Amino acid sequence: MSIVLHIDMDYFFAQIEERENPQFKGKPIIVGADPREGAGRGVVSTCNYEARKFGVKSGMPISRSYKLIPKAIYLPVNMELYKKVSDSIFKIIRDFSEIMEEVSLDEAYIDLTEKVNNFEEAEKIGLKIKEKIFQKEELTCSVGIAKNKMIAKITCELAKPNGLRVTLPEKSSDFLSSMDITVIPGIGAKTKQKIKEYLKKEEVKVSDARAISKKNLKDIFGKRGDEFYFKFRGEDRSIVEVKKKAKSIGREYTFQKDTKDSKKIIKVFKHLISSVSDKSKKDNVQINGVVITCRFEDFETHTKQKTFSEGYYDKDFLYKKSIPLLLKFLVGSNKKVRLIGFRVKLSK
Ligand code: TTP
Ligand code: MG
Ligand code: MG
């Protein structure tokens, strides 16, 4: 059995802004796109708890946020600063265990199995980490400790803000029972809908989902079903992985037959963009550029890049930046196309 600690900073970007601008403390603060008195485009990156009371959330259009709370303090994203803080925090955490997995700028897992004898000792380490971060950066975070990553993360969520919680191994299964099944990683609205239909229930708790046999879960969800079976019971076999952050996310496609049909090429290209965009959304990563690859029938290969300021960009933005680059390849050559590729560059 393992002892895993999950740590996540509280309202990260907004908390840093509160620290930098103490005059705004206690007021609702929203970090993100410029609202331009309601006509602004773009989204909310995050907001403090005062703003959350009004229903503002990460990812919400800034125009909607402005409707909910026009009087809030709206601040732009100062990524350079947040990254510096993030590096400093990871450095503190790494001192407690080198087995650390960075999940995003404000979130990490560490494996304490070899460092402590029991959960009480792990709790002490959790408190020390919180203390060190507060001393060094004047920022609060929350910590969840459990026997695996999944339970540690859900536990941390419940500890928010500025809390620490432990879910003991023998409690893991009961801990999940009364929660909605979307707490299980990999279960979103679509999967939930399927399970609802299967169980003929309006709401499905984790304990309800345990009624589905392993075989039936496999029949419905394939390989993922097997994983769900264990997760519903509080088991998660993924390990804390010390991995270098990916520098980019990309997809490519080789046509069955080399082609000059630009409609077809663009259609496939849009699929690639869409798939990369979904993946980068899922990983919650920021993008600061695109790379387009085009290989012709004679294997001559060209790439074009475009860089832009880092941020969370949607599919439409990526289309707009990339399609003109692809068209340049298509217009500039008489050869047929063998392969196209699309890649986004990540800022961390
Ligand atoms: P989160 O840890 O998801 O959120 P948070 O730290 O703001 O709040 P919480 O207390 O609930 O943990 O994300 C970390 C940072 O990542 C967040 O401060 C801003 C950024 N972010 C975005 O820019 N857009 C998003 O959609 C999300 C989810 C986060
Ligand atoms: Mg956070
Ligand atoms: Mg986070």
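As the structure lists them, so they are numbered: ligands from 1, and atoms in each ligand from 1. This one's a predicted model, so the numbers in the text were calculated from it and none came from an experiment.
The shortest N/O to N/O separation between M9 and ligand 1 falls below 3.5 Å. Considering backbone and side-chain atoms together, R52 places an N or O closer than 3.5 Å to an N or O of ligand 1. An N or O contact shorter than 3.5 Å links F13 to ligand 1 by distance.
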* Test side chain to side chain donor-acceptor pair (under 3.5 Å) on K27 and N48 and set out the steps. => CA-CA 9 Å; K27 296 188 174 150; N48 63 0; over 6 Å; no
* side chain to side chain donor-acceptor pair (under 3.5 Å) assessment of D111 paired with T113 -> CA-CA 6 Å; D111 190 321; T113 318; 2.4 Å; yes
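Ordered by chain and number, D8 OD2, D106 OD1, E107 OE1 make up the set of protein N, O or S atoms under 2.8 Å of the Mg ion (ligand 3).
For the pair E107 and ligand 1, no heavy-atom separation below 4.0 Å is found. Remark: distances from the non-hydrogen atoms of K281 to ligand 1 are all 4.0 Å or more. Taking 4.0 Å as the cut-off, D10 counts as a neighbour of ligand 1 on heavy-atom distance.
Ring orientation note: the planes of F13 and Y82 are close to parallel, at an angle under 30° on the 30°/60° scale. Ring orientation note: the planes of F329 and H302 are tilted relative to one another, at an angle of 30° to 60°.
Clustering of Ile, Leu, Val, Met, Phe, Trp and Tyr by side-chain heavy atoms under 4.5 Å joins I181 with M150, I151, I154, L158, F175, L176, M179, V183, I184, I187, I195, Y198, L199, V204, V206, I212, L217, I220, F221, F228, Y229, F230, F232.
By the salt bridge (charged side-chain N to carboxylate O under 4.0 Å, His left out) test, E98 is found to be paired with K115, residues two or more places apart in sequence or in another chain being considered. With sequence neighbours left out, the salt bridge (charged side-chain N to carboxylate O under 4.0 Å, His left out) criterion links E20 to no other residue.
Contacts between Y49 and ligand 1, counted as non-hydrogen atom pairs separated by less than 4.0 Å, involve the side chain only.
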